[in-house]
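One-based numbering along the sequence shown.
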Amino acid sequence: MKTKTITFKTKNDIIKIDCELISCAVEICGSDDCLHIEKSKHSHIRVSENGGIVKIRQTRKPFFKKAELKIYIPAFCVPDLAVVLNGGTVSITRGIYGDLCIKSHEADINLSHCSFVNADLNCENIRLHCKDVSVRNALDCTAVNGEAIVDDSFCMQPDLRFKSGAMGITRLKCRNGYFSADCGSISLNLKGYKEDYSISSFTKYGTCNCPDTNGGKYGVKVYTGTGNIIIDFTDKKETALYGNDYVAEDTCLAREA
């Protein structure tokens, strides 16, 4: 793929990357170099910068090849990221960012090894994959049709709501979380002990393996209309052969202890 590279060397820090795209594959990642942007030729993408805000606009959809856009952000920049697109993919990795906002008709969103202050994902159709992601405040994700796979992440206040779709969430740490799917199942694996959480779960036409609990310092609410709810925890208290000990739920870890 032939690309054109645009490099920005500004006196002021870049405070925001603002993208309005029609159809594009977007990659955003950390860099040891200065801010630079690569765009595929004939992508009809225009880039400008003013007052610390980089604006990226796609004027029309390419006829033959899918447009590709790569944004490399240096570590000393902590910009807000805004991406509006009709359809495509958004991949963000290896960096510390401010607020993230993605709005799309249909998008594959991949977040890995990165952190945000807030994250707002609003798509009609979404496939969300998160691994080793930290959101200091609120993570809001809403979709008509959705699929979410989240692993080994921290979100202070996650709020995931799908009309139709499933969620598979493992090793999540949160303070107050809400997860709902009108049609679809939710599997939720939380970091810590069951006693750490106050759980409120309800399914209208399905099963749930975890009854409501009170007294935990963290709160989680889970709802499904037609679908099942499975909730478990990374740690648990068990009775050992010679007394009571705290042991990991992973049997391999228990054998190594």
Would you give the length of the straight line joining atom OG of Ser164 to atom CG of Asn125, rounded to the nearest 0.5 angstrom?
-> 10.0 Å
Count the heavy atoms of every other residue, nucleotide or ligand shown that sit under 6.0 Å from CD1 of Ile22, and state whether that count exceeds 12.
-> yes
Sub-4.5 Å side-chain heavy-atom contact between Leu190 and Ile199 = yes
Could you list the residues that satisfy side-chain contact (heavy atoms from CB on, under 4.5 Å) with Lys191, not counting sequence neighbours?
-> Asp152, Arg171, Lys173, Thr234
Should the ring pair Tyr218 and Tyr197 be called parallel, tilted or perpendicular, given that the plane angle runs from 0 to 90° and is split at 30 and 60?
-> tilted
Do Ile73 and Leu81 have side chains that get closer than 4.5 Å, going by heavy atoms?
-> yes
Looking only at heavy atoms, what is the nearest atom pair of Pro158 and Phe179, with distance?
-> CG-CZ, 3.9 Å
What's the shortest heavy-atom distance between Lys163 and Asp182, and which atoms?
-> O-CB, 3.1 Å
For the residue pair Val90 and Leu111, establish whether any side-chain heavy-atom pair is separated by less than 4.5 Å.
-> no
Quick one: which of Asp80, Asp140, Asp99 gives a side-chain hydrogen bond (donor to acceptor under 3.5 Å, both in side chains) with Asn118?
-> Asp99
Going from CD1 on Ile229 to OG on Ser180, what distance comes out if it is rounded to the nearest 0.5 angstrom?
-> 10.0 Å
Please confirm whether the backbone N or O of Leu172 pairs with a side-chain atom of Ser153, one donor and one acceptor, at under 3.5 Å?
-> no
Measure the spacing between OG of Ser31 and NZ of Lys70 and express it to the nearest 0.5 Å.
-> 13.0 Å
Nearest 0.5 Å please: distance from the OG atom of Ser187 over to the CE atom of Met167.
-> 11.5 Å
Could you tell me the separation between the CD1 atom of Ile126 and the CG atom of Leu121, rounded to the nearest 0.5 Å?
-> 5.0 Å
Got a second to check how far Phe154's CZ is from Ser115's OG, nearest 0.5 Å?
-> 11.0 Å
Among the clusters formed by ILVMFWY side chains lying less than 4.5 Å apart, do Tyr72 and Leu21 turn up in the same one?
-> no
Check: Asn137 main-chain N/O paired with Arg175 side-chain donor or acceptor under 3.5 Å = no
When every non-hydrogen atom of Cys123 is compared with those of Ile109, the smallest separation belongs to SG-CD1, 4.2 Å
Would you say Arg46 has more than 12 foreign heavy atoms packed within less than 6.0 Å of its CZ?
-> no
Determine yes or no for a side-chain-to-main-chain donor-acceptor pair under 3.5 angstrom, with Ser43 supplying the side chain and Glu68 the backbone.
-> no
Distance-only, no hydrogens or angles: does the Asn122 side chain make a donor-acceptor pair with backbone N or O of Ser104 under 3.5 Å?
-> no
Residue pair Ile17 / Tyr97, side-chain heavy-atom distance below 4.5 Å = no
Shortest non-hydrogen contact between Asn209 and Ile230, atoms and distance | OD1-CA, 3.3 Å
State whether a side-chain donor-acceptor pair under 3.5 Å links Asn110 with His129.
-> no
Hey, is OH on Tyr205 packed in by over 12 heavy atoms from elsewhere, all under 6.0 Å?
-> no
Any donor-acceptor pair under 3.5 Å linking the side chain of Thr93 with the backbone of Ser112?
-> yes
Side chains of Val83 and Cys101: closer than 4.5 Å at any heavy-atom pair?
-> no
Which heavy atom in Ile186 sits nearest to a heavy atom in Ala181, and how many Å separate them?
-> CD1-N, 4.0 Å
What pair of heavy atoms forms the shortest contact from Asn86 to His105, and how long is it?
-> O-CB, 3.1 Å
Report yes if the side chains of Leu35 and Val54 come closer than 4.5 Å at any heavy-atom pair, otherwise no.
-> yes
Test item: side-chain donor near acceptor, Thr224 and Thr203, under 3.5 Å | yes
Residues in salt bridge (Lys or Arg N to Asp or Glu O under 4.0 Å) with Asp159, at least two apart?
-> Arg161
Less than 4.5 Å apart, any side-chain heavy atom of Glu49 and any of Val47?
-> no
